[in-house]
2 protein chains.
Amino acid sequence: MKKKTRFVILGLLRDEAMTGYEMKNCIDLRMSFFWQESYGQIYPELNLMVKEGLLVCREDDESSARGKIRYSITECGQQVFDAWMAEACEKDTVRSEALLKFFLADDRNEAAVKQHLEDFYSQCSEHLALFEKFQESLRGFEDMHNHKYILRMLDLAVRQQKLNCEWSSSYIHELQK
Amino acid sequence: MKKKTRFVILGLLRDEAMTGYEMKNCIDLRMSFFWQESYGQIYPELNLMVKEGLLVCREDDESSARGKIRYSITECGQQVFDAWMAEACEKDTVRSEALLKFFLADDRNEAAVKQHLEDFYSQCSEHLALFEKFQESLRGFEDMHNHKYILRMLDLAVRQQKLNCEWSSSYIHELQK
DNA sequence: AGTGGCATGTAAAGAGTTACATGATTTG
DNA sequence: CAAATCATGTAACTCTTTACATGCCACT
């Protein structure tokens with residue numbers, strides 16, 4: 001289970017130069033469906049990657065005591081990214097406490113299950129709304145071709161969230177009978 | 001992100017007494033869709049839980065130098081489990097290298113994406129087959145009511161895998177044009 | 001003047017995997 | 001009888017989160 005923080009960073013920077021803070025934001029908003037990173041991983045990795053020549057950085061704001069630091073990918077970084085892209089994927093790791101509880105429940109826990117289902121439903125709806133908003137924003141561009149891969153991915157994300165919503169709402173109705 | 005190993009163990013033992021090895025097996029075969037544990041988590045936790053009075057154990061096989069150890073849940077363990085069931089769930093953590101690659105890809109990586117899609121498809125088909133087999137085995141019982149919660153969960157798992165299969169196969173066809 | 005969001009970073013704690021060691025039992 | 005699988009366990013390592021520290025900027 002190798003650390004993949006650097007590849008996520010590299011992948012994001014191919015599109016545009018970003019600060020560490022923006023990367024974390026982008027990962028949380030658009031990729032949390034299948035990936036997460038914390039500041040404790042991002043910032044140290046960013047400094048390491050500059051030393052290794054995968055990234056270059058420039059201070060945005062010379063006037064401040066400690067300005068924003070915006071990173072860009074180097075040619076070497078591109079190569080490292082493409083090499084990783086071609087490698088086989090490790091198997092997924094998923095930990096969903098809600099699904100775990102749904103699986104392990106019995107009649108003693110019916111009330112708890114009901115509550116968790118409602119939470120699950122509202123979380124999925126929120127995610128769905130987020131993904132659909134992102135989808136719309138990408139479709140607004142005329143250069144849709146550039147977003148071909150992301151749009152395909154979003155299509156899966158949206159359909160999975162819809163499935164989860166449908167499943168949990170019908171499960172809720174069943175329990176209410 | 002608290003450790004939940006003990007609750008998984010407790011949940012499994014409510015159905016039947018098991019050895020640590022059997023638990024790991026069961027988790028890998030039936031729960032890997034949304035959960036995983038390793039021996040390094042299970043065995044030390046098992047010993048701890050006996051000390052805390054959540055479990056009792058008996059050696060299966062007195063003749064061997066080191067026989068199987070089969071664990072059962074205590075009344076106290078039941079209570080701890082039910083208390084956890086009623087608690088709110090932490091948010092999910094998911095790490096899927098394949099989905100990450102699908103999201104970050106561009107035209108330079110089309111060949112890699114194709115390969116990963118094929119791997120993704122075959123993995124999902126395998127999971128689907130596994131879930132369907134499990135589903136069938138549960139439906140064989142006359143006391144289906146006992147498995148109500150697991151069957152509901154399996155319904156979601158099966159539908160998600162079907163969605164993934166459908167998505168990846170249509171994506172593969174698109175790329176082949 | 002205070003709140004909240006932007007922004008960078010570190011240290012310590014905690015979670016989780018991996019590799020190894022050991023030995024029994026089953027199956028071809 | 002060799003190989004695979006069953007079975008338990010530990011130690012070292014790696015990964016990841018969390019809590020904290022610092023300070024800017026915009027808005028009210």
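This is a predicted model, so every value here is computed, not measured. Order of the sequence lines sets the chain letters (A, B, ...), proteins ahead of strands, with each chain counted from 1.
One atom, CD1 of B:I42, and another, C1' of C:dG16, lie 12 Å apart when rounded to the nearest Å. Whole-Å rounding puts the A:Y71 OH to C:dA7 P distance at 13 Å. Between B:E90 atom CD and D:dT16 atom P the separation is 16 Å, expressed in whole Å. Regarding B:L55, its CG atom lies at a distance of 13 Å from the P atom of D:dT8, rounded to whole Å. When the P atom of C:dG23 is taken as reference, atom CD1 of B:I69 falls 16 Å away, rounded to whole Å. A:R58 places its CZ atom 13 Å from the P atom of C:dA7, with the value rounded to the nearest Å.
Across residues 21-37 of chain A, A:Y21 each have a non-hydrogen atom less than 4.0 Å from an atom of DNA chain C (numbered order).
Remark: B:F102 engages B:F120, B:W167 in a ring-ring contact (aromatic ring centres under 6.0 Å, His included) (not counting sequence neighbours). For B:K133, the side chain to side chain contact (heavy atoms under 4.5 Å, CB included) test picks out no residue, with sequence neighbours left out. Contacts of B:D28 classified as side chain to side chain contact (heavy atoms under 4.5 Å, CB included), with partners at least two apart in sequence or in another chain: B:K24.
In this structure, A:Q36 and B:D92 approach most closely via the heavy-atom pair OE1-O, 3.8 Å. Nearest heavy atoms, A:A86 versus B:A112: CA-CB, 4.0 Å. Summarising the geometry of B:L99 relative to A:M153, their closest heavy-atom pair is O-SD, 3.6 Å, with the distance given to 0.1 Å.
A:I73 CD1 to A:L55 CG: the interatomic distance, rounded to the nearest 0.5 Å, is 7.0 Å.
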For a quick test of your reading: what N or O donor-acceptor pairs under 3.5 Å do the side chains of residues 4-14 of chain B make, sequence neighbours left out?
| unit_1 | atom_1 | unit_2 | atom_2 | d |
| --- | --- | --- | --- | --- |
| B:K4 | NZ | A:E97 | OE1 | 3.0 |
| B:K4 | NZ | B:E90 | OE2 | 2.7 |
| B:T5 | OG1 | B:E37 | OE1 | 2.9 |
| B:R6 | NE | B:E45 | OE2 | 2.8 |
| B:R6 | NH1 | B:E52 | OE1 | 2.8 |
| B:R6 | NH2 | B:E45 | OE2 | 3.1 |
| B:R6 | NH2 | B:E52 | OE1 | 3.3 |
| B:R6 | NH2 | B:E52 | OE2 | 3.2 |
| B:R14 | NH2 | A:L104 | O | 2.9 |
| B:R14 | NH2 | A:N109 | OD1 | 3.3 |

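Taking every side-chain heavy atom of A:K68 into account, C:dT8 is the closest of C:dT8, D:dA7, C:dT18.
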Distances under 3.5 Å between nitrogen or oxygen atoms of protein and nucleotides 10-15 of chain C:
| unit_1 | atom_1 | unit_2 | atom_2 | d |
| --- | --- | --- | --- | --- |
| C:dA15 | OP1 | B:K3 | N | 3.1 |

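Taking 4.0 angstrom as the limit, B:T19 places a side-chain polar atom (N or O) nearer than this to OP1 or OP2 of D:dT8.
Side-chain contact check for B:Q115 and B:D119: at least one donor-acceptor pair (N or O, by modelled atom type) lies under 3.5 Å.
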